[in-house]
J.: 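This structure is in structure tokens; I'll ask about it shortly.
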There are 2 protein chains.
Amino acid sequence: MKPTIYDVAERAGVSIATVSYVLNNQRVGKKSKEKVLQAMRELNYKPSVLASALTGKPTSTIGFLLPDLANPFVAEMARRVEDRAHERGYNLVICSTDFDPNKEALYTSLLKQKSVDGFILAGGFKSVEIIKELLEEQTPVALLAESHPSTSVNSVKVDDFTGGYEVTSYLLSLGHRRIAVLGEDATSTQDRIRGYKQALMENGIEVREEWIAISDFNRGNGERLVGEMLGASDRPTAVFACNDLLAIDAILAAREKKIPVPDDLSIIGFDNTLLSRACDPPLTTMEQPMQDMCSQVVDLLIEEIEGKSDLKKRIIMLPRLIIRQSTGPCPSDKG
Amino acid sequence: MKPTIYDVAERAGVSIATVSYVLNNQRVGKKSKEKVLQAMRELNYKPSVLASALTGKPTSTIGFLLPDLANPFVAEMARRVEDRAHERGYNLVICSTDFDPNKEALYTSLLKQKSVDGFILAGGFKSVEIIKELLEEQTPVALLAESHPSTSVNSVKVDDFTGGYEVTSYLLSLGHRRIAVLGEDATSTQDRIRGYKQALMENGIEVREEWIAISDFNRGNGERLVGEMLGASDRPTAVFACNDLLAIDAILAAREKKIPVPDDLSIIGFDNTLLSRACDPPLTTMEQPMQDMCSQVVDLLIEEIEGKSDLKKRIIMLPRLIIRQSTGPCPSDKG
DNA sequence: CTGAAAGCGCTAACAG
DNA sequence: CTGTTAGCGCTTTCAG
């Protein structure tokens, strides 16, 4: 069997209390301490987190719910969160929710049973009820790339409205007037679209609802949606995709229809994932300062867990336009 | 406070033992059972996994060590593993090791303290000592996309040798004679390269060591390595990249040097990740049957955890060539 | 079929 | 400074 605190105590010739004290660096005489440490080494003793957690100590484990780990953007984010969490001595239990409130409920419940110290909810977390419930139970929570205006909860995100606005303004500055949007059913998308509409309106351009496409989360759906818009005789000259993956869908759709990018169609993404550099043409995209955002949520959550701070914060970062080769001036347009 | 088994017992007017029995559906009288269930519902009682684990029950948590979650291939794999694990009622604690034996040691040790039921070690797990140690301690382990020939451990992987052999044979069949390889420092790469060499030798083609490049794990390094090979006057007409990410590096390098793909340079990847369809040209690549592999490791591990089977298996799956547009006939060659 | 009670490994008063 | 001891929430003999 694995050695327990009793084995260590016996070997060191002290009581288990003393061992426990050195474990938690409390006041312990130098000599006993050395004996205990020695015994621990000899037995290769590792205290059980379970047992200590049962007495009320934290488990140093964070539940991290995200939409879909297979999405490269999400994965990159997860890695950042993981790194910061590990730096601070926490592990991550990761669950993909697929934007499904049932899974959200299931996983939060399960992980609470496993006594995680808190939750990071990323991307498009659907169920506001669950967030409220966690809050009421005093379970530490922090939202990443998401925020619920009406609830008082820690969150870190990019300013999506501004992002959408700037993307659109950039396309407008290139002369585009017929700009489509492709998004997912997430609050971030909605904000980006609001920014998009705002920019259009400020320039006296009519918003055309048929050019606002919301993809569900099945892969390939985005490609089809863009394909349909491009198939129309009166087609857009630019597509604003609400994330890089969708932008790639748009590129594929254009390639399918033999529409050259960026000559006849400009495509702009969002996120600046690794993909955006790798695809062809390299993607013009809005960068989210992921590294920063991720370490911030982790820190925010841990402050709350460790009780160092009980005031909630909402941190909003500004996205930044990265211009590559998927966008260009609007082709001469007789419409 | 959260309700405990005592609260339920009290409310139901039975002893905690009875409650525990219904929790584990043991023999319990129909009436008491109903009362207990009722009480649980009313209190919204959820048993603590910690407490039950402390008595020797499993935690239903698996430690999943992988090289780097930010790598899209790895992330996709993680998602598959996650799905299967969840289906079977397990959660995943995910840790990225960056091929660093120190991290491997750190995380396995930490997670053992947290009483995970077993480990899945994926990709390029470096430290054989750790694997042996886990085995000796009887900690359930399964390797994914990796195997250690000399140790008796559950594993699921693709036949890398055959993969390398077939990739190379395919390039040879297209007329290529000057084939470079780009890999990472992992055992899978070594096997694939062995297959590559074998194919060359069988065709009486000399192996040129300067065309075997091993990238370290810093991004962009692959691109530079390929760039150097392509810069030489006597350059390869095909590149076999040992994974899709490296293949994209190769594409970028070729683009940089204005070498058209596949006309003047064929590039072939490995893994068939989502990326391979998205990049331009779409990548010819060796597909690993990931879905299958991932559910198999999970099942293998869980069988061991649940003690249903104590014989070890090594499952080897065959990769499959997916031909897309990044490969073509060898350009006429005066060499 | 059900209850009393010991114990899982550790923490934290409380005494000494 | 150190030991005794009572839990933490649950499982599991062992009696009844």
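All figures in this text were calculated on a predicted structure; none of them were measured in a lab. A note on names: the letters A, B, ... follow the listed sequences, proteins ahead of strands, and every chain is numbered from 1.
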J.: Between Ile120(B) and Leu92(B), is any pair of side-chain heavy atoms under 4.5 Å apart?
T.: no
J.: For DNA chain D, what residues of residues 36-43 of chain A have any heavy atom nearer than 4.0 Å?
T.: none
J.: Donor-acceptor check, side chain of Asn24(A) to backbone of Ser20(A), threshold 3.5 angstrom: yes or no?
T.: yes
J.: If you compare every side-chain N and O of Ser15(A) against the phosphate oxygens of dT4(D) (OP1, OP2), does one of them come in below 4.0 Å?
T.: no
J.: Could you tell me which residues satisfy side-chain hydrogen bond (donor to acceptor under 3.5 Å, both in side chains) with Thr61(B), sequence neighbours excluded, listed by chain and number?
T.: Lys114(A)
J.: Between Glu10(B) (CD) and dG9(D) (C1'), how many Å, whole number?
T.: 15 Å
J.: Are His148(A) and Phe125(A), when compared by the centres of their aromatic rings, separated by less than 6.0 Å?
T.: no
J.: Taking only residues two or more places apart in sequence, or in another chain, which ones meet Arg314(B) in a side-chain hydrogen bond (donor to acceptor under 3.5 Å, both in side chains)?
T.: none
J.: Which residues satisfy the side-chain hydrogen bond (donor to acceptor under 3.5 Å, both in side chains) test with Gln138(B), sequence neighbours excluded?
T.: none
J.: Any side-chain donor-acceptor pair under 3.5 Å between Arg80(A) and Ser295(A)?
T.: no
J.: Base, backbone or nothing for each nucleotide of nucleotides 5-12 of chain C, written B, S, -, heavy atoms under 4.0 angstrom, 5' to 3'?
T.: --BBBBBB
J.: If you look only at pairs with a residue in residues 31-75 of chain B, which of them pass as a ring-ring contact (aromatic ring centres under 6.0 Å, His included), with sequence neighbours excluded?
T.: none
